[in-house]
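Letters go in sequence order (proteins before strands), and every chain restarts at 1. Here the structure is a predicted model, which means the values were calculated and not measured.
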Number of protein chains: 2
Amino acid sequence: MKSYTAGIIVIGDEILSGRTQDSNSNYIAKTLLNEGIRLEEVVVIKDDKKTIIDKVINYSSQYSYVFTTGGIGPTHDDITSESISEAFNLEYSINKKAFDILDKYYPKGEFNESRQRMAKMPVGSELILNPMTAAPGFKINNVYVLPGVPEIMQIMFIELIKKLKKGKPKLVITINTNLYESKIAIFLNDIQDKFKNCSIGSYPYFNLVAKTGGVNIVVSSWDMSSIQPVVDDIVNMIKLNGGKSSIV
Amino acid sequence: MKSYTAGIIVIGDEILSGRTQDSNSNYIAKTLLNEGIRLEEVVVIKDDKKTIIDKVINYSSQYSYVFTTGGIGPTHDDITSESISEAFNLEYSINKKAFDILDKYYPKGEFNESRQRMAKMPVGSELILNPMTAAPGFKINNVYVLPGVPEIMQIMFIELIKKLKKGKPKLVITINTNLYESKIAIFLNDIQDKFKNCSIGSYPYFNLVAKTGGVNIVVSSWDMSSIQPVVDDIVNMIKLNGGKSSIV
């Protein structure tokens, strides 16, 4: 079975300034995992034409799918569509279908010049429809261009993902334990060495208020090879070390 | 005045799988803005040696400061320190000071082999102390290596940032309005054209429950040039368009 990869380009000065916490890439990441598409990298870049062009060219050549978020609104700082046109040497012009959708959406006389900008995109783009605020995203080559507002992005992404070619979803089992990571590290290491087809991640956490801590051990595998023996080994190891474990 | 730039490398499969929402880069971003250091890019990469090495070399040559988070714990999937040693062609070995700190921290007989891994780092590193769980981060060249657990990362970052050379902080004023973005876009465009020294960002939002929306207009400038005339122009423009505005 063919495997599919993805990269996400988050576009926006507001993320780099810390004003906005990006939640789009986490939403896309979770969905991709369930759909069997491997997310390889996420990058957050500024609203700068050259930066967008370079990153789009780079990601487009590396991954099966590229998702961009942000920078497709009507204002002067929305330069994503223009930059992507340039990245692919395509004319940046009014998409007739997008124009009609927006023209119909706005009250008569209010489809002004800045709003018309939202109908401009690389020639040959396929629209990604926006059931919430009309302004569409688009797909050009293997790049899917989405808005930055999470509520709108998510609705559009749910529709979009249905149409993509996918691999088998990754099987993931998480084991929680009250033992500290450094106590079990060496044993996890041995278990990982024994089962090469599974990947074992170890994620410690601390609760400052309750003054407790522990580890989430995430066992995952793309090839659906038997994941159960690994889980059994880990649960048994935790017990031998005097800890508690639960599948979460 | 010299200006300083930064890049953040978030290391961890758990972010790319969507299991964990990265909040470290947002925390660092906000702090850097206040400290006058320009955050240029954030990248999220997997726990893979070659990927870490390539990214560290690339960021280290581009930015004044590089911050990495994640992958410095005691388990097999913690390969950040080893990879960074390799990126700079430095020996990956026990740091005596780090070893002593950890040896003192753990009860007698519990400073085991995996825990000792946390004392290994590129030779010549300077420690970044961890007042919470002892295991230190480190600085090598212009790269600052921090843990992934947010509570620990933040405490260490607060101390670390005090020692960095900084520029003037960016001045930021945010104006909220109830008008829709597409209504004011063309006027914001004109105002931006008039004031080249300020950057004007426009961030629409929607409240699905209250069925309301609006825009946050962020006016910012690094060079402290007069920001007030821009704000006055925007507030006035909103009024002329029948909207409400407030400084937030």
Checklist line | Among the listed options B/Lys55, B/Met118, B/Glu110, the residue most often paired with chain A at heavy-atom distances under 4.5 Å | finding: B/Lys55

Check: Checking B/His76 side chain against A/Ile191 main chain: does a donor-acceptor pair fall under 3.5 Å?
Finding: no

Checklist line | Engaged part of A/Glu41 at the chain B interface, taking heavy atoms whose separation is under 4.5 Å | finding: both

Check: Do other residues, nucleotides or ligands put more than 12 heavy atoms under 6.0 Å from B/Lys49 NZ?
Finding: yes

Notebook entry, point to check: Side chains of A/Tyr203 and B/Asp13: does their closest heavy-atom pair fall under 4.5 Å?
Noted result: yes

Check: Does some side-chain heavy atom of B/Lys46 sit less than 4.5 Å from a side-chain heavy atom of A/Arg38?
Finding: no

Item checked: chain A contact via B/Asn189 - which portion, at a heavy-atom distance below 4.5 Å -> both

Next item on the list: Check whether B/Gln192 gets within reach of chain A through its side chain, its backbone, both or neither, counting any heavy atom under 4.5 Å.
Entry: side chain

Check: Quick one: of B/Lys30, B/Glu181, B/Arg117, who has the most non-hydrogen atom pairs under 4.5 Å with chain A?
Finding: B/Glu181

Notebook entry, point to check: Any side-chain heavy atom of A/Val42 within less than 4.5 Å of one from B/Leu16?
Noted result: yes

Margin query: Once rounded to the nearest 0.5 Å, what's the spacing between atom CZ of B/Phe111 and atom OG of A/Ser182?
Written below: 9.5 Å

Next item on the list: Return the option, out of B/Glu151, B/Arg19, B/Glu113, B/Met132, with the maximum number of heavy-atom pairs under 4.5 Å with chain A.
Entry: B/Arg19

Next item on the list: Check each atom of B/Ser23 against the heavy atoms of chain A and say whether the ones under 4.5 Å are side chain, backbone, both or neither.
Entry: both

Next item on the list: Can you tell which part of B/Asp193 gets under 4.5 Å to a heavy atom of chain A, answering side chain, backbone, both or neither?
Entry: neither

Checklist line | 4.5 Å side-chain heavy-atom contact, A/Val218 and B/Glu14 | finding: no

Next item on the list: Under 4.5 Å heavy-atom distance to chain A, tell me which part of B/Ile8 shows up: side chain, backbone, both or neither.
Entry: neither

Item checked: Heavy-atom contact with chain A under 4.5 Å, split by part of B/Tyr106 -> side chain

Next item on the list: Would you name the heavy atoms of A/Ser202 and B/Asp77 that are closest together and state the gap between them?
Entry: N-OD2, 3.1 Å

Notebook entry, point to check: Measuring heavy-atom distances to chain A, does B/Leu33 have an atom under 4.5 Å in its side chain, in its backbone, in both, or in neither?
Noted result: side chain

Check: Looking at B/Asp47, B/Asn216, B/Asn26, which one has more heavy-atom pairs under 4.5 Å with chain A than the rest?
Finding: B/Asn26

Item checked: Distance-minimising heavy-atom pair for B/Asp22 and A/Gln21 -> O-NE2, 3.0 Å

Checklist line | Between A/Ser25, A/Gly148, A/Gly18, A/Gly12, the one whose heavy-atom pairs under 4.5 Å with chain B are most numerous | finding: A/Gly18

